[in-house]
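The structure appears below as structure tokens.
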Amino acid sequence: MTAFCSISFERLMFGPPRPLPEVLRSFALHLPEGARDVSYKDLGAYHGDQAMIRFTATEHQLLQFTSTLRTGSGGPVALERGGLPYISVEEGEDAGWALDELTQYSSAQVYSGENDSFYGGQISILVDERQGPSVLVVYVSALKV
């Protein structure tokens, strides 16, 4: 008699998802104190490292989060209102997010880790501002190769 094992392709290739603290540590990310509705999708640590993280924050908490990141020039992180959304609709779909509905947002592409370089982790941020400054939904795509 043969047993049928139903393990997803994703799990076979990449292993089980890492816990959120391990994902955050991998990218040297620090969620702001008091962040709400935190969810994430670990997209693997084997062929590069990639994760998608979502949380709800106030404007102050968002500034607290971005203060731990850096730009390529080492300057402060500035979110651009209505500019290029650095997280694509397709990337959002991979994490189960409907980003095609965003109409009012800010976005930035920055770095994490010790250096102002891609090797510490490239971080794309997309902030849904439709509910106002006290309820910002922050989408983060983190990538290392």
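It should be emphasised that the depicted structure is a prediction, and the values quoted were computed from it without experimental measurement. Note that these values count all heavy atoms, side chains included, but never hydrogens, waters or copies made by symmetry.
- Glu59 meets the side chain to side chain contact (heavy atoms under 4.5 Å, CB included) test with Pro133, Leu136; sequence neighbours excluded.
- In terms of heavy atoms, Val23 sits closest to Tyr40 at CG2-CE1, 4.0 Å.
- Shown here for Lys144 and Ser26, the closest heavy-atom pair between the two residues is NZ-O, 2.6 Å.
- Counting all heavy atoms, side chain and backbone alike, Tyr105 lies closest to Leu126 at CD1-CD1, 3.5 Å.
- For the atom pair Ile125 CD1 and Ser106 OG, the distance stands at 10.0 Å (nearest 0.5 Å).
- Residues Val127 and Val38 share a single hydrophobic cluster, defined by chaining ILVMFWY side chains whose heavy atoms lie under 4.5 Å apart.
- Closest approach of Ala108 to Val77, counting heavy atoms only: CB-CG1, 4.5 Å.
- Sorted by first and then second residue, the salt bridge (Lys or Arg N to Asp or Glu O under 4.0 Å) pairs with a member in residues 94-106 form an empty list; sequence neighbours excluded.
- Residue Leu84 is found in a hydrophobic cluster whose other members, listed by chain and number, are Tyr86; membership requires side-chain heavy atoms under 4.5 Å apart, directly or through intermediates.
- Listed by first then second residue, pairs satisfying salt bridge (Lys or Arg N to Asp or Glu O under 4.0 Å) with a partner in residues 123-140 read Arg81-Glu129, Asp128-Arg130, not counting sequence neighbours.
- Taking Ser134 as the reference, nothing meets the side chain to side chain contact (heavy atoms under 4.5 Å, CB included) condition, with sequence neighbours excluded.
- Note that CZ of Phe27 is 3.5 Å distant from CG of Asp49, once rounded to the nearest 0.5 Å.
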Atom pairs and distances, donor-acceptor, side-chain atoms in residues 51-58, under 3.5 Å, two or more places apart:
unit_1, atom_1, unit_2, atom_2, d
Thr56, OG1, Asp37, OD2, 3.4
Thr58, OG1, Gln61, N, 3.2
Thr58, OG1, Gln61, OE1, 3.3

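- For the side chain to side chain contact (heavy atoms under 4.5 Å, CB included) test, residues two or more places apart in sequence or in another chain that qualify with Glu22 are Arg18, Pro19, Arg25.
- Distance check: Leu31 CG to Gln64 CD gives 10.0 Å after rounding to the nearest 0.5 Å.
- For Ser124, the side chain to side chain donor-acceptor pair (under 3.5 Å) partners at least two apart in sequence or on another chain are Gln109.
- Side-chain contact check for Leu79 versus Leu62: some heavy-atom pair is nearer than 4.5 Å.
- Atoms OG and CD, from Ser141 and Gln122 in turn, are 8.0 Å apart once rounded to the nearest 0.5 Å.
- The minimum heavy-atom distance between Leu29 and Ala142, with the atom names listed, is CD1-CB, 4.4 Å.
- Rounded to the nearest 0.5 angstrom, Glu33 CD and His60 NE2 are separated by 9.0 Å.
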